[in-house]
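Structure record follows, encoded as C-alpha cells.
Letters A, B, ... mirror the listed sequences (proteins, then strands); counts begin at 1.
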Protein chains: 2
Amino acid sequence: MASTAQVRLTARKTPRQARATATLEAILEATIQVLVAVGPARLTTTRVAARAGASVGTMYQYFPNKQALLYAVTERYFDIVAASVEQVCREQHGARVGQMAEALVEAYWRAKIVRCKVTRALYLVAAEVDTTPLVEAFSKRVELATSTMFASAPDAKFADLTIVNLTLLTSLFGTVRSLFDRSLPKPWACGVQQQLIFMCRSYLEAAKVPSQPAAAVQPHRPSPVIERGPV
Amino acid sequence: MASTAQVRLTARKTPRQARATATLEAILEATIQVLVAVGPARLTTTRVAARAGASVGTMYQYFPNKQALLYAVTERYFDIVAASVEQVCREQHGARVGQMAEALVEAYWRAKIVRCKVTRALYLVAAEVDTTPLVEAFSKRVELATSTMFASAPDAKFADLTIVNLTLLTSLFGTVRSLFDRSLPKPWACGVQQQLIFMCRSYLEAAKVPSQPAAAVQPHRPSPVIERGPV
DNA sequence: ACCTGAACACCGTTCAAGT
DNA sequence: ACCTGAACACCGTTCAAGT
C-alpha cells in the first residue's frame with residue numbers, strides 16, 4: 001500500500017451520555033467545516049477541536065487519529081449520496097432505459113453539486129486516508145440499485161448487464177469527478193453534463209441486445225474490435 | 001481556495017553547474033520514488049533528500065517548499081502523457097472516427113498504466129498542492145490534439161465539435177481515474193476499458209450530424225431533453 | 001463517563017557556516 | 001555556486017489530572 005500504513009480507522013468508543021453524543025456530533029460537524037475551509041492537507045486536529053468547542057483530548061477519545069476522523073466524515077457523505085441514487089432507482093423502476101439513464105445522471109450530479117464545497121473537499125481526503133473500502137462499499141451499493149433498475153426496463157435486454165452497468169457507473173462517477181477537478185466555467189460544465197446524459201443513452205442503446213422483431217435493421221458496417229465481457 | 005494558501009510553486013533557482021544539474025535530477029527522481037513508496041501524505045522532505053543523497057537544505061535551494069517539489073514532478077508526468085496522446089492523434093489523422101476513438105482510449109490507458117504506481121501516487125498529490133493550472137494546461141493541450149484529429153475524419157461532421165470533444169475527454173480522463181481509484185480485479189478493469197471504447201464509439205456515432213444522403217433514417221422517437229451546446 | 005491541556009516526538013523550513 | 005545540518009516553529013498524539 002502506498003499512501004497509508006496500518007492504522008485503525010474505526011471509531012474508538014461510542015458515547016453513552018447525551019452530552020457525549022452532542023460532543024461527537026459537534027466534532028463531526030466541525031470536521032466538515034474545517035475541511036471546506038482549508039482542505040484536508042491543512043486540517044488540524046486542534047483546529048477541529050476548537051471549532052467544535054472541545055479540546056484535542058476529547059476528539060482523541062472518539063477517534064484514534066486524524067485519519068479515522070476523515071474516514072467517518074467520508075462514510076456519512078457516501079451514505080447520503082447512495083441513498084439519493086437508490087431513491088431515483090426505485091422511482092424509475094419499469095421506465096424506459098433512456099429515461100432511466102437521464103434520471104440517474106441527473107440525480108447523481110445533483111447529489112454531488114448541492115454541497116459542492118463538501119464534495120470537492122472530500123474528493124481530496126483519499127490522499128490522507130485509504131478510503132478504498134468506502135469507495136468499494138458505495139460502488140457495490142449503487143451497482144445493485146442501478147442494475148435492478150435497468151433489469152426492469154421493458155424496452156431493453158443486455159447480453160451482460162453487469163459489465164454494461166459497471167461501465168456506465170464508472171464513467172458517470174469519473175466524469176463528474178473530472179468536472180469537479182477542472183475549473184470549467186459553469187456553462188461548459190452544464191454542457192458536458194447534458195452531453196453525458198446523451199452519451200449514456202447512446203451507449204445503452206448500442207449495448208442493447210436486438211429485441212424480438214429484429215433482423216430488420218442491421219449494423220451498417222461490422223463492428224470489429226468490440227468485445228463485451230471481461231477478458 | 002480550499003486546500004491551499006498562497007505559495008510559490010515554481011522552482012527557486014536553476015542549476016548553473018553540471019554537479020548541480022545532477023543534484024536537481026536526483027531530487028526529482030527521489031521524489032517519485034518516495035511518492036510511490038509512501039504516498040504524498042507521508043512523503044517527507046528529509047526522506048526525499050536522503051534518498052537523493054543530499055541534505056534538506058540543498059532541496060530548499062531549488063524548491064521553495066514541499067509543494068513546489070510535488071508540483072514539478074506532476075508537471076513532468078503530465079508532459080509525458082500529453083506527448084503520447086499527441087502522437088496517436090498525429091498517427092490517426094484522416095482515419096475514421098471509430099478507429100480514432102479506439103486508438104485514443106488505448107493510448108491514454110496505456111500511458112497511464114505503464115507506470116501505474118506513479119499514476120496512482122500522482123492522482124493523490126492534488127490534495128497537497130493545487131495542481132489546477134497543470135490539469136488545465138494538460139487538458140487544453142490534449143483537447144487541441146484530439147479536436148484537430150476528429151476534424152480530419154472523413155466519415156463524420158459534428159454540429160459542435162468543441163463540446164463533443166470536451167465531453168469525450170472528460171469522460172475518458174474520469175473513467176480511467178475511477179478505474180485506478182477502485183480496486184477492481186484486472187479482468188473487470190479490462191472489460192470496462194473495452195466497453196469504454198465501445199461507449200466512445202457509440203457516442204461519436206450518435207453525435208454525428210447526418211451526412212449528405214440523410215433523411216432516410218429518422219430517429220424512432222423524438223429525443224426530448226437532449227441539448228448540445230453549453231446552456 | 002467524560003473532559004482538559006501541558007508535554008513529547010516528528011516534520012517543514014531557515015540560515016550561519018562551510019567547500 | 002553549491003552544499004550542510006543544527007535550530008525553530010508547528011502539529012499529531014498521549015496521559016495524568018480533573019469534573
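Contact annotation: A:K13 side-chain N/O to C:dA1 OP1/OP2 distance is not under 4.0 Å. Distances shown here put every side-chain N or O of B:T58 at or beyond 4.0 Å from the OP1 or OP2 atom of D:dC3.
Without hydrogens or angle criteria, A:T58 side chain to A:A54 main chain gives no donor-acceptor distance under 3.5 Å. Listed for the B:S202 side chain is no donor-acceptor partner under 3.5 Å among the backbone atoms of A:Y203. A:T148 places a side-chain N or O within 3.5 Å of a backbone atom of A:L144 that can act as its donor or acceptor partner. Although no hydrogens or angles enter the test, the distance criterion places no donor-acceptor pair under 3.5 Å between the side chain of A:S171 and the main chain of A:L168.
Contacts of A:F78 classified as ring-ring contact (aromatic ring centres under 6.0 Å, His included), with partners at least two apart in sequence or in another chain: A:F138. Residues satisfying the ring-ring contact (aromatic ring centres under 6.0 Å, His included) test with A:Y60, not counting sequence neighbours, are none.
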Between N or O atoms, less than 3.5 Å apart, protein on one side and nucleotides 7-10 of chain C on the other: list the pairs.
none

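Contacts of A:F63 with the nucleic acid, taken as non-hydrogen atoms under 4.0 Å apart, are absent.
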In residues 23-41 of chain B, what donor-acceptor pairs under 3.5 Å come from side-chain atoms, sequence neighbours left out?
| residue | atom | partner | partner atom | Å |
| --- | --- | --- | --- | --- |
| B:T23 | OG1 | B:R19 | O | 2.9 |
| B:E25 | OE1 | B:R76 | NH2 | 3.0 |
| B:E25 | OE2 | B:R76 | NH1 | 3.3 |
| B:E29 | OE2 | B:Q33 | NE2 | 3.3 |
| B:T31 | OG1 | B:I27 | O | 2.7 |
| B:Q33 | OE1 | B:R51 | NE | 3.0 |
| B:Q33 | OE1 | B:R51 | NH2 | 2.7 |

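Rounded to a whole Å, the CD1 atom of A:I27 is 10 Å from the C1' atom of C:dC3. The distance between atom CZ of B:R16 and atom P of D:dC2, rounded to the nearest whole Å, is 7 Å. Between the C1' atom of D:dC2 and the CD atom of B:Q61 lies a distance of 5 Å, rounded to the nearest Å. B:Q17 has its CD atom 5 Å from the P atom of D:dC2, to the nearest Å.
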task = Take nucleotides 11-18 of chain C nucleotide by nucleotide from the 5' end and write B, S or -, depending on whether a protein heavy atom sits under 4.0 Å from the base, only from the sugar-phosphate, or from neither.
result = SSBB----
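Residues A:D181 and A:R120 are not paired through a salt bridge, judged by the lack of any N-O separation under 4.0 Å between the basic side chain and the carboxylate. A salt bridge links A:E143 with B:R182: the closest approach of a Lys/Arg side-chain nitrogen to an acidic carboxylate oxygen falls below 4.0 angstrom.
Pairs of Watson-Crick or G-U wobble type, with distances under 3.5 Å, assemble into runs of 3 or more in DNA chain D at these ranges: C:4-8 with D:12-16, C:12-16 with D:4-8.
Residues B:Q92 and B:L104 fail the side-chain proximity criterion, which asks for heavy atoms closer than 4.5 Å.
Relative to the ring axis of A:F180, A:K112 does not place its NZ or CZ within 45° and under 6.0 Å from the centre.
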